[in-house]
Structures are given as structure tokens and as C-alpha cells.
Amino acid sequence: MFSWLSGNNSKKKDQEVLETVSDGLKKIYKQKLYPLEDYYKFHDFHSPALDDPDFNAKPMILLVGQYSTGKTTFIRYLLEQDFPGIRIGPEPTTDRFMAVMHGEEEGAIPGNALVVDANKQFRALTKFGNAFLNRFQCSTLNNEVLKSVTIVDTPGILSGEKQRIDRGYDFTGVLEWFAERVDRIILLFDAHKLDISDEFKRCIEALSGNEDKIRIVLNKSDMIDHQQLMRVYGALMWSLGKVFKTPEVSRVYIGTFWDQPLHFDINRRLFIDEQHDLFADLQSLPRNAALRKLNDLIKRARLAKVHAYIISELRKQMPSMIGKEKKKKDLIAKLDKIYEQIQREHGISSGDFPDINKMRENLQNVDFTKFNPLKPKLLEVVDQMLATDIARLMAQIPKEEAMTIAPAGEEFTNGLRSDTVRGGAFDSQVEAQTPFGFRKGEGFDKGSDESEWVVTRERYKYDEQFEQLNPVDGKVSGRIAKEHMLKSKLPNSVLGKIWKLADVDKDGQLDADEFSLANYLINLKLEGHELPAELPKHLIPPSKKEGVDGGMYPTLD
């Protein structure tokens with residue numbers, strides 16, 4: 001009798017499954033998490049409420065560092081062009097927070113106008129006042145890189161207490177706001193300036209809780225030679241170990257991110273490899289943006305739950321008539337005991353609790369009697385959200401990625417997925433048309449642009465070894481070849497892969513050409529290069545090419 005009703009429900013379920021992850025996050029935040037935050041004044045203590053642009057925004061990269069560490073130059077290096085408001089120099093030049101975003105027209109939007117734009121994710125920054133907004137700007141630029149990411153430049157961090165006070169706004173508070181919302185935080189250090197000032201230390205502490213987003217770059221590394229670089233790297237790791245209170249060693253990328261000649265060319269290969277690793281990490285941001293937003297919402301929900309328990313417990317212990325102010329001071333003083341009590345009663349991890357000193361500071365100017373008591377229904381809704389809705393959106397992410405990768409049936413363009421950062425310096429990483437592309441002409445790619453078989457250069461040595469093995473009918477057996485190849489001391493798994501690549505005709509034996517190829521691949525591996533998954537055309541022995549092309553042997557390219 002009610003079949004039409006069930007049919008309507010199934011249609012509704014299908015719509016929920018087909019919604020994007022961003023839309024799903026918006027919906028569950030507004031319907032299930034926001035009521036809890038609002039009821040317990042979460043936004044006054046921790047983070048402003050999230051708006052739609054927070055869920056729809058492109059991935060953001062935040063650059064933090066002391067003055068003259070190359071933050072602005074790093075942005076210019078990525079974009080390969082200047083942007084409105086750019087100033088570069090050895091003195092503290094960037095005196096404002098600058099969001100570099102994509103726009104059809106080149107221009108600059110001042111902070112006061114930016115925070116009233118409903119389409120941008122900066123509306124909550126109004127709480128930091130005019131002193132900050134006068135030091136906030138958006139630079140728009142029609143650049144390919146900015147179609148995928150937004151980059152935020154920050155004022156150079158100086159030393160001394162005076163500089164912190166003279167800013168006129170809560171600098172570390174602004175950093176903390178951005179840290180919660182960005183996808184990647186890059187801390188830049190100058191190879192000649194490793195000291196971590198008091199303000200820089202406070203800024204790094206403000207980033208706590210977002211350690212998974214932090215990447216560290218030792219910039220201007222070409223200014224010192226390899227011996228000094230080793231010492232500087234060790235000193236940086238020692239300094240970071242005193243600031244980051246984690247047992248893990250932070251990943252440090254070593255490089256020089258500008259377009260000028262290298263002062264010391266000896267570390268060129270190291271800089272290229274490190275830049276490739278860093279760029280690969282940044283290029284993955286659009287692909288992982290939905291997962292990052294999901295992860296941040298989970299962290300926010302866990303913090304909101306703990307906050308609700310703290311607020312309701314403080315309200316519960318307040319007297320109804322007299323002695324309120326004295327009791328308030330007593331509760332703030334023994335807040336650590338209240339943390340322990342809540343942790344015990346509700347089985348909550350200590351890592352989910354907010355910083356106790358910051359919480360004490362925020363509690364000083366609020367009236368505890370206006371706090372709301374515990375409302376289990378609100379907490380149950382959030383628990384259900386974490387258990388059910390988040391899991392459903394997690395399952396939706398791979399499907400959404402699959403649709404993003406190949407909207408028109410083409411998964412890759414110039415070696416890049418369609419959901420990756422393109423343009424600017426990122427394109428140089430896959431510049432296959434020139435000899436200067438990443439690993440071009442190195443390792444197993446060596447000799448790819450030459451007509452002569454590259455193995456021929458060392459052929460005389462391999463032929464001598466081949467004759468010493470007493471080949472039968474021009475070939476050595478697998479047993480004899482194995483004994484020779486084991487002398488390299490490479491693991492059997494690696495030698496097995498080399499055998500598969502070298503035995504082109506798959507007859508279980510090696511002729512002179514295949515033996516030379518096997519030795520060439522062994523030497524490549526011993527020199528630290530990676531082996532190809534399949535044998536490239538330029539490494540196929542000339543005597544085998546006709547067979548490969550004609551179909552006599554399996555095609556390996």
C-alpha cells in the first residue's frame with residue numbers, strides 16, 4: 001500500500017550517494033555539528049563557524065618563515081611570473097598576509113573588501129579587526145598554477161618582543177586560523193639563518209595539531225658547499241627537535257627556489273631530486289583535498305565534543321547564589337583536574353583536549369553561569385555523524401577521484417593526472433621534450449636520444465667476461481649466469497628483475513648481447529639508479545629489435 005513511499009526513500013538515498021564529498025560535509029556540519037558548537041559557545045573559544053566557501057575552496061598552501069628566507073621568491077618561482085603587490089629584498093619586505101588566487105583579471109583586493117565577499121573563505125577573519133585587515137590583501141592573477149591551488153604569503157617573522165607587540169593584531173592567532181584551513185604549511189629556513197626567534201617559536205607552536213600538514217624547506221642551499229650543507233642540515237634538525245615536541249623527524253626538503261645561477265653547482269643533482277619530491281607532494285593537494293577536509297572536520301568534531309563536556313562540567317560545579325567569582329577562579333586553577341575527571345568518566349584520549357593554558361586564558365572573561373548543561377542528544381547526533389555519515393563520505397572519495405581523473409576518458413596529460421597542479425614551475429618537472437626534464441638522460445634513460453646502443457660503450461668488458469664463462473652455441477645457461485650475477489651482491493629479488501629484463505627472447509639463457517645488457521643493468525642499480533618496469537626501446541639489443549618489432553619475441557615496450 002505504501003510502496004510509493006519506499007520508492008521515494010530509495011531515490012533520496014541515491015541522491016545522497018551521488019552528492020559530492022564537499023556537499024556532504026557542508027550538510028552534516030550544518031545539521032549535526034554546528035548545533036553542538038553553537039550551544040556550547042565553541043566559536044568563542046576555538047574556531048569561528050565554517051561557511052560554504054570553507055568546503056568549496058581550492059587547496060591552500062601557507063608559507064611561514066623569518067624575513068628574507070625566500071617566501072615571496074618561492075611563490076614567484078612556482079608561478080614563473082610576478083603577482084600584484086610583490087616585493088622582494090633582503091630587508092623585511094612583505095608586511096602583510098597576501099592570498100595569491102586565480103582571477104581572469106590581474107589586480108589586488110584589500111582585506112576589508114575581501115572579508116565581505118561571500119564567495120571567498122575569509123569572512124571569519126573579521127574577528128581580528130581593522131589592524132589586521134589593513135595588513136591583508138588578495139592578489140588575483142590569471143595563472144595556470146592558481147587554477148588548482150591558492151598560495152598565502154605571510155609577513156616575515158622577526159626577533160624580539162617589540163616586533164610582536166608593534167604588529168597591532170594577534171599574529172599567531174591569524175596563523176592558527178589559516179593553519180586549520182590550509183592543506184599544506186611550508187616552513188622556510190635560510191641556510192644562513194637557522195636561529196628560531198621567540199616569535200617564530202610561538203608561531204610554530206600555533207601550528208600544533210596540524211603537524212601532518214607541515215613541510216620544511218631549507219632554502220638558498222646553493223649558497224654553501226656540500227660540507228657546510230651537511231653541518232647546516234644537522235643544526236636545523238637539532239633546532240627543530242627542540243621546537244617540535246614529537247619523536248618523529250620532520251621531512252626537510254633541501255633546495256634553492258629561484259631562477260638565478262647556482263653559487264655552488266656541486267649539489268645540483270640533490271636539489272633536482274628534492275624539488276621533484278616537494279613538487280610531487282604539492283601536486284597531490286587537489287587530489288587529496290576532500291580527504292583533508294574530511295580529516296579536519298573529524299578533528300573539529302572531536303574537539304567540539306570535549307569542549308561540550310568541559311563547559312557543562314564547569315556549569316555543573318558553579319554555585320547557584322553566592323561565591324560565584326571565587327568558585328570561577330578555583331575552577332580555572334584546577335582545570336587540569338577537571339580534564340582528568342572528564343577523561344576518566346567518558347574514556348576520552350588526552351590528545352583530544354584543547355591546550356590547557358589557552359583554555360584558562362579564554363575562560364577568564366566569560367560568565368560560567370551562562371554556560372549550558374550537558375545535553376546528551378546533541379552529543380549522540382555528533383557520535384552518529386562520526387560513525388555513519390563520515391564513513392559514507394569516506395566511501396564516496398574514491399568514486400569522486402575516479403570521476404575527476406578522467407572526465408573525458410584521458411587520464412594523463414603530459415604525464416600528469418587531470419586532478420593535479422599544472423603550469424609554472426610544475427610543468428618543468430615533466431618537460432619530456434627537452435634534455436632537461438626530470439631524470440632525462442640519467443639512469444636507464446641514458447642513451448635514449450642516441451642512435452648507438454648505449455650498452456656498446458662498456459661492451460668490451462662484458463664480452464671478456466662472457467668468453468670466460470665458456471658459452472655453448474653462443475649462450476650461457478641460467479645456472480652459470482646466476483653465479484656470475486651473484487658476484488654483484490645485489491638481492492635475489494633485484495637480480496631476478498634484471499634477468500627478466502635482459503632475457504629478451506625468454507629462452508632461459510643469455511647470449512652475448514643479453515649478457516652485456518644484464519651487466520649494464522646491474523651497474524645501473526649499483527650506482528643507485530632505479531630499474532625500469534619494462535625494457536625501454538633504446539635498451540633492446542640491436543640483434544633483438546627485429547624480433548621484437550616483428551612479433552617473434554614478447555613486446556616489452
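FYI, the numbering just counts along the sequence from 1.
Here N362 pairs with nothing under the side chain to side chain donor-acceptor pair (under 3.5 Å) rule; sequence neighbours left out. In this structure, the side chain to side chain contact (heavy atoms under 4.5 Å, CB included) partners of A124, at least two apart in sequence or on a different chain, are P48, W177. Applying the salt bridge (charged side-chain N to carboxylate O under 4.0 Å, His left out) rule to E274 yields the partners R251; only residues at least two apart in sequence or on another chain are considered. Scored by the side chain to side chain contact (heavy atoms under 4.5 Å, CB included) test, Q364 finds I332 as partners (sequence neighbours excluded). By the side chain to side chain contact (heavy atoms under 4.5 Å, CB included) test, N357 pairs with D355, R360, sequence neighbours left out. Residues meeting the side chain to side chain donor-acceptor pair (under 3.5 Å) test with Q81, sequence neighbours left out: N143. With sequence neighbours excluded, no residue forms a side chain to side chain donor-acceptor pair (under 3.5 Å) with T69.
When ring centroids are compared, F257 and F74 come within the 6.0 Å threshold. You'll find the ring centres of F42 and H307 inside the 6.0 Å limit. Here Y39 and Y34 keep their ring centres 6.0 angstrom or further from each other. Taking the six-membered ring where the residue is Trp, the centroids of F132 and F97 are separated by under 6.0 Å.
Judged purely by atom type and a 3.5 angstrom limit, T154 uses its side chain to pair as donor or acceptor with the backbone of L63.
For residues 345-366, the ring pair (Phe, Tyr, Trp, His ring centres under 6.0 Å) pairs, not counting sequence neighbours, are Y309-H346, Y339-F353. Applying the salt bridge (Lys or Arg N to Asp or Glu O under 4.0 Å) rule to pairs touching residues 111-120 yields D117-K120, sequence neighbours excluded. Listed by first then second residue, pairs satisfying ring pair (Phe, Tyr, Trp, His ring centres under 6.0 Å) with a partner in residues 370-393 read F368-F371, not counting sequence neighbours. Screening residues 37-53 for salt bridge (Lys or Arg N to Asp or Glu O under 4.0 Å) gives K30-D52, E37-R300 as the qualifying pairs, with residues at least two apart or on separate chains. Legend: side-chain hydrogen bond (donor to acceptor under 3.5 Å, both in side chains) pairs involving residues 368-381, not counting sequence neighbours, sorted by first then second residue: D367-T369.
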